[in-house]
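Below, each value reflects all heavy atoms present in this structure, side chains not excepted, and no hydrogens, waters or symmetry copies. Sequence positions, counted from 1, serve as the residue numbers for this chain.
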Amino acid sequence: MSIACCKNCGVPRMISLTHRWRDDGILESRMGSTRGILIEKEVFSGILESIEDKLGVPIDHIIIDAKRRDAKLYVDDILSGVLGKVIRQPWLRVFGYKIMILQASYIGLAKMRLLSYKPGRRFIGVVESVYHPALFMGDVCGAFESLEGVRAKPEYGRVGDNWYMELTPSGEYPGEDRLELEKLPEVPARAGYDRCPECGVPRNIGDTLRWEPRRGKIVDKVTGKWIIYVDVEALDAILRELAKELGEEIDAQGVERSFKIYRDLKKEFPGSHLENLAFLKDRGLGVPASEDPGPDELKAGLEIRNAFNGPILAGLVAALYGGDDPDYAWDNLKPGVVRITVKS
């Protein structure tokens, strides 16, 4: 796989051409304008694993259902108009799947190979590395439903070190009342990016992240952690579905998992970008009122504008500024603005 990158900052051209870092700190896809974030894989997948442990029963069906709805809308948006009519022709649909597989490898979700495809009948693929099997199964289901026009019946499982995924039509049309996703509120903010003069991507993205599409991963250059790009609406939809089972416990799992991961990373990598909050805006997580807040600011409450998720951000801020056992809390000050208080 040949990777064309910006000669100035090193970010793959496919990323800069398909994503936009807005001046208000929102990171979005140029194909459909869905909002996304760059975040450690283990934060997102770890929260789901913690919830599953808490429930004591598998939740794959909830995850797949919520993610496939998001993925279908995403692919519907990309393949709208004339392009969609052309790609959905039976003899051309395979190219639609290949585009989605390539995109997944560049945004850190998975390294997948298409093994067999029969239009309208069967899709078979093998996944060599994947950010979360059930989440990615939902992604593949959404693409199948958008391209084929019927509900997907998924089957998947581990085969050696890889995951085998097979989709066939279930006989149902994929329309439903709950399909619409909730868009997060947006507020004015100023990220103040130092941008690459050639491709326009914030310089810190090229400085701190490395793209490895041959492995289906994005890697933090300092910590070595696997970073993923995931739609905010998808994350929100999944957590809403799970909240029906656990209620407020969902927020608690997000806070606890986020706090533990970022506390450990800060201890292991002193002097890195985790020493302040500037990286939040680079990764689409939100724009903090102060990138390096002091104790008084944290006690009074740090505001983060265009915040993607209050509980996860609260755990992150507390981990970076509160020591091993801080007293911290968060609240939605107003739509689009989260306020986090931390007392060491």
Side-chain angles (χ1 to χ4, degrees), residues 27 35-71 74 103-112 125 127-142 154 156-158 161-165 209 211-213 215-220 223-243 245-246 249-265 268 274 283-285 308-316 319:
L27 170 57
R35 181 177 174 183
I37 56 171
L38 289 159
I39 193 168
E40 283 77 6
K41 175 189 77 73
E42 62 184 305
V43 173
F44 194 19
S45 61
I47 289 170
L48 299 179
E49 291 165 5
S50 298
I51 292 169
E52 188 169 64
D53 290 342
K54 188 76 175 181
L55 284 172
V57 295
I59 58 173
D60 284 7
H61 63 292
I62 299 175
I63 294 171
I64 291 172
D65 187 58
K67 195 67 176 72
R68 71 163 182 80
R69 287 185 273 132
D70 162 74
Y74 178 76
Q103 176 75 354
S105 72
Y106 268 89
I107 61 176
L109 302 187
K111 176 60 177 176
M112 185 179 200
V127 185
E128 299 173 18
S129 63
V130 62
Y131 75 119
H132 189 283
L135 283 168
F136 192 63
M137 187 76 259
D139 289 323
V140 179
C141 283
Y156 70 108
R158 187 179 285 279
D161 294 332
N162 301 327
W163 285 86
Y164 170 92
M165 296 184 173
L209 299 181
W211 272 262
E212 300 182 0
R215 299 173 61 210
K217 294 182 178 182
I218 306 169
V219 179
D220 187 309
T223 67
K225 293 297 183 181
W226 184 347
I227 305 296
I228 61 173
Y229 174 90
V230 64
D231 294 345
V232 171
E233 286 85 357
L235 182 150
D236 189 51
I238 291 167
L239 295 183
R240 278 203 322 272
E241 292 296 320
L242 293 173
E245 301 286 340
L246 285 180
E249 184 65 27
I250 293 296
D251 288 349
Q253 294 294 330
V255 169
E256 291 171 11
R257 185 70 179 186
S258 177
F259 176 79
K260 182 179 185 307
I261 288 171
Y262 288 107
R263 180 197 59 191
D264 292 348
L265 285 177
E268 189 174 355
L274 297 169
R283 300 188 181 186
L285 305 178
F308 87 101
N309 180 278
I312 293 176
L313 285 173
L316 184 156

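Of all heavy-atom pairs spanning I39 and Y262, the tightest one is CG1-OH, 3.8 Å. Taking all atoms of both residues into account, the shortest heavy-atom contact from R35 to F308 is NH2-N, 4.0 Å. Residue L209 comes nearest to L38 through the heavy atom pair CD1-CD1, 4.0 Å, listed as atom of the first residue, atom of the second, then distance. Here the shortest heavy-atom pairing between G284 and L27 reads CA-CB, 4.0 Å. Here the closest non-hydrogen pair linking I228 and G108 is CG2-O, 3.3 Å. The two residues S258 and I312 make their nearest non-hydrogen contact at OG-O, 2.6 Å.
Between the E52 side chain and the I59 main chain, a donor and an acceptor come within less than 3.5 Å of each other. With hydrogens and angles disregarded, no donor-acceptor distance shorter than 3.5 Å links the side chain of S45 to the backbone of H132.
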* Asked: Stepwise, does the side-chain contact (heavy atoms from CB on, under 4.5 Å) test hold for L316 with V43?
  -> CA-CA 10 Å; L316 184 156; V43 173; over 6 Å; no

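Taking the six-membered ring where tryptophan is involved, the planes of W163 and Y156 are tilted, since the angle between them lies from 30° to 60°.
Taking CZ of R257 as the reference point, atom CD1 of I47 lies at 8.0 Å (rounded to 0.5 Å). To the nearest 0.5 Å, atoms CZ (F44) and CG (N309) are separated by 9.5 Å. To the nearest 0.5 Å, atom OH of residue Y131 and atom CZ of residue F136 are 7.5 Å apart.
Listed by chain and residue number, R283 satisfy the salt bridge (Lys or Arg N to Asp or Glu O under 4.0 Å) test with E40 (two or more places apart in sequence, or in another chain). Legend: residues meeting salt bridge (Lys or Arg N to Asp or Glu O under 4.0 Å) with E42, ordered by chain and number and at least two apart, are K225. Every residue two or more places apart in sequence or in another chain that forms a salt bridge (Lys or Arg N to Asp or Glu O under 4.0 Å) with K67 is listed here: D70, D139.
Side-chain contact check for V140 versus V127: every heavy-atom pair is 4.5 Å or farther apart.
Counting non-hydrogen atoms of other residues, nucleotides and ligands closer than 6.0 Å to CG of D53 gives a total above 12.
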